[in-house]
Amino acid sequence: MNDTRTGDEGANRLVTGSRAGIQLTTQRLTAAGYDTAGVSAEPRSHRAMRVLQYYYLQQGLGHDVADELARFSQLYRHQRSTESEPLNAHHIEFVLFGTVLVNGRIWGGNYVLGNLDLFTDVPSVNRLEQVQFLSATRTVRVPRKALRSIAVRNLPVVRMVHQRLMTYVLEFEDIYGTDACKPIHRVARLLFHLAYQQGLGAEILSGALDPNIVTGPTQRDFANALGLGVSTVEKALKELREHKILADASHGRMNRTYRILDAAQLRAVGLGATLPDLGSQ
């Protein structure tokens, strides 16, 4: 694959992606600092445009459509917030990485903030999702009208939107469905989901991203999202740490950082595997 970097682009690393059978090369955008306003837009630089184009190419869109969507889109940075607020009804935001709390549920990268039902009226304020940013979060923001206009002319965009909606339904059922899983399985499943989605974001944005470190939710956030008691979540996390699947934490129930030592084991527990009895080790 040819390296087409020129000028100051040569100092920026390239990343190659092959998801959904697509082999791509694009620049990584260096992670920047956060301002005190809590949310800010990335400058519309050449590098930012490359990231936006790559993002839409990853969704299975062709180059022409990806370029058009990139022209209407912008990268945004959100600081961790302390309370929920309604989303802007006139924009859609695709989460690249970070952890958000939406209507009481915890989500990571690949989540969509906003109403993807493009061909209905914008919902009233009372029906808008309430979002709280549990960690520093990066998003791709696109005006809802622009996305709808492009979707009308391009069937692949409609397919992309439909796929995102279907993915949400499946993930919601998998993570928050009322199955008979034990609490430790549900906690492990949610942690692995957040780590996996952060890994996808790390393919696009460079910086201090580590798929093995999940930041943002407290134990109470996990408990509320999963419908469990805080002590139940605490017990599940303790067991994962005792089995060296998670690293030890120092802030108790207020801990917001979860370092994954063994992602394969975490995934196995999330799928229902039983941890060996501690007394037999």
Side-chain angles (χ1 to χ4, degrees), residues 27-56 58-59 69-118 122-148 150 161 164 168 194 197-211 213-218 221 224-225 256-257:
Q27 292 172 310
R28 284 183 168 183
L29 182 67
T30 303
Y34 294 85
D35 58 29
T36 56
V39 57
S40 62
E42 293 279 358
R44 296 187 63 85
S45 64
H46 176 67
R47 286 174 290 175
M49 286 297 295
R50 290 288 298 274
V51 170
L52 291 167
Q53 291 163 351
Y54 177 43
Y55 173 78
Y56 288 118
Q58 277 195 314
Q59 311 311 308
L69 275 171
R71 288 196 297 272
F72 284 98
S73 303
Q74 195 157 8
L75 292 169
Y76 269 76
R77 296 176 286 145
H78 299 266
Q79 283 187 345
R80 182 168 69 87
S81 55
T82 57
E83 58 185 26
S84 298
E85 58 185 43
L87 292 170
N88 188 318
H90 303 292
H91 295 93
I92 302 293
E93 290 197 60
F94 300 99
V95 178
L96 291 175
F97 77 85
T99 310
V100 296
L101 185 69
V102 181
N103 294 343
R105 305 295 191 182
I106 301 171
W107 298 99
N110 209 37
Y111 187 77
V112 181
L113 299 171
N115 179 21
L116 272 182
D117 188 359
L118 301 178
V122 175
S124 65
V125 172
N126 291 334
R127 293 174 55 201
L128 288 177
E129 292 178 316
Q130 297 286 318
V131 60
Q132 179 182 350
F133 295 94
L134 298 179
S135 71
T137 302
R138 300 286 285 277
T139 64
V140 172
R141 178 183 289 188
V142 59
R144 192 167 177 271
K145 287 185 177 180
L147 184 59
R148 177 170 56 191
I150 296 172
V161 170
R164 298 304 289 270
Y168 166 75
L194 296 174
Q197 297 297 347
Q198 179 154 294
L200 298 183
E203 294 184 357
I204 300 174
L205 294 166
S206 67
L209 278 177
D210 186 342
I213 299 177
V214 173
T215 61
T218 63
D221 291 327
N224 292 340
R256 290 181 177 271
T257 301

Query - Nearest heavy atoms of Val39 and Tyr76, plus distance in Å - result: CG2-CD2, 3.7 Å
Query raised in the report: Can you pull the salt bridge (charged side-chain N to carboxylate O under 4.0 Å, His left out) pairs that have at least one residue in residues 88-105, sequence neighbours excluded?
Result: Glu93-Arg141
Query raised in the report: Under the side-chain contact (heavy atoms from CB on, under 4.5 Å) criterion, do Ile92 and Val112 qualify, and how do the steps go?
Result: CA-CA 7 Å; Ile92 302 293; Val112 181; 3.6 Å; yes
Requested in this report: Any chance you could measure Ile106, atom CD1, to Asn224, atom CG, to the nearest 0.5 Å?
Outcome: 8.5 Å
Report task. Kindly compute the distance separating OH (Tyr168) from OH (Tyr111), expressed to the nearest 0.5 Å. Result -> 5.0 Å
Query raised in the report: With distance as the sole test, does Arg44 use its side chain to make a donor-acceptor pair with the main-chain N or O of Arg71 at under 3.5 Å?
Result: yes
Query - Met49 CE to Leu75 CG distance, which is reported to the nearest 0.5 Å - result: 10.0 Å
Requested in this report: Write down the atom of Gly216, the atom of Ser135, and the distance for their closest heavy-atom approach.
Outcome: CA-CB, 4.0 Å
Report task. Could you tell me whether the side chain of Arg164 and the main chain of Asn110 form a donor-acceptor pair under 3.5 Å? Result -> yes
**Report entry** Main-chain N/O of Leu69 paired to Ser73 side chain as donor or acceptor, under 3.5 Å
**Finding:** yes
Query raised in the report: Is any side-chain heavy atom of Arg50 closer than 4.5 Å to a side-chain heavy atom of Tyr54?
Result: no
**Report entry** 4.5 Å side-chain heavy-atom contact, Leu96 and Leu200
**Finding:** no
**Report entry** Derivation and outcome, side-chain contact (heavy atoms from CB on, under 4.5 Å), residues Thr257 and Val214
**Finding:** CA-CA 6 Å; Thr257 301; Val214 173; over 6 Å; no
Query - Any residue meeting ring-ring contact (aromatic ring centres under 6.0 Å, His included) with Tyr56, in chain and number order, not counting sequence neighbours - result: none
Report task. Report yes or no: does Thr99 contribute a side-chain atom to a donor-acceptor pair with the main-chain N or O of Thr215 at less than 3.5 Å? Result -> yes
Requested in this report: Would you name the heavy atoms of Gln53 and Ala70 that are closest together and state the gap between them?
Outcome: CG-CB, 3.7 Å
**Report entry** From CG (Leu113) to NE2 (His91), nearest 0.5 Å
**Finding:** 13.0 Å
**Report entry** Distance (rounded to the nearest 0.5 Å) between Thr139 OG1 and Phe97 CZ
**Finding:** 10.0 Å
Requested in this report: With rounding to the nearest 0.5 Å, note down the distance linking OG in Ser40 to CD in Gln79.
Outcome: 8.0 Å
Query raised in the report: Is there a side-chain contact (heavy atoms from CB on, under 4.5 Å) between Trp107 and Val95 once you walk through the steps?
Result: CA-CA 9 Å; Trp107 298 99; Val95 178; over 6 Å; no
Report task. Mind checking side chain to side chain contact (heavy atoms under 4.5 Å, CB included) for Gln132 and listing every partner two or more places apart, or none if nothing turns up? Result -> Ser81, Ser84, Leu101, Leu134
Query - Side-chain donor/acceptor of Arg144 to backbone N/O of Asn115, under 3.5 Å - result: yes
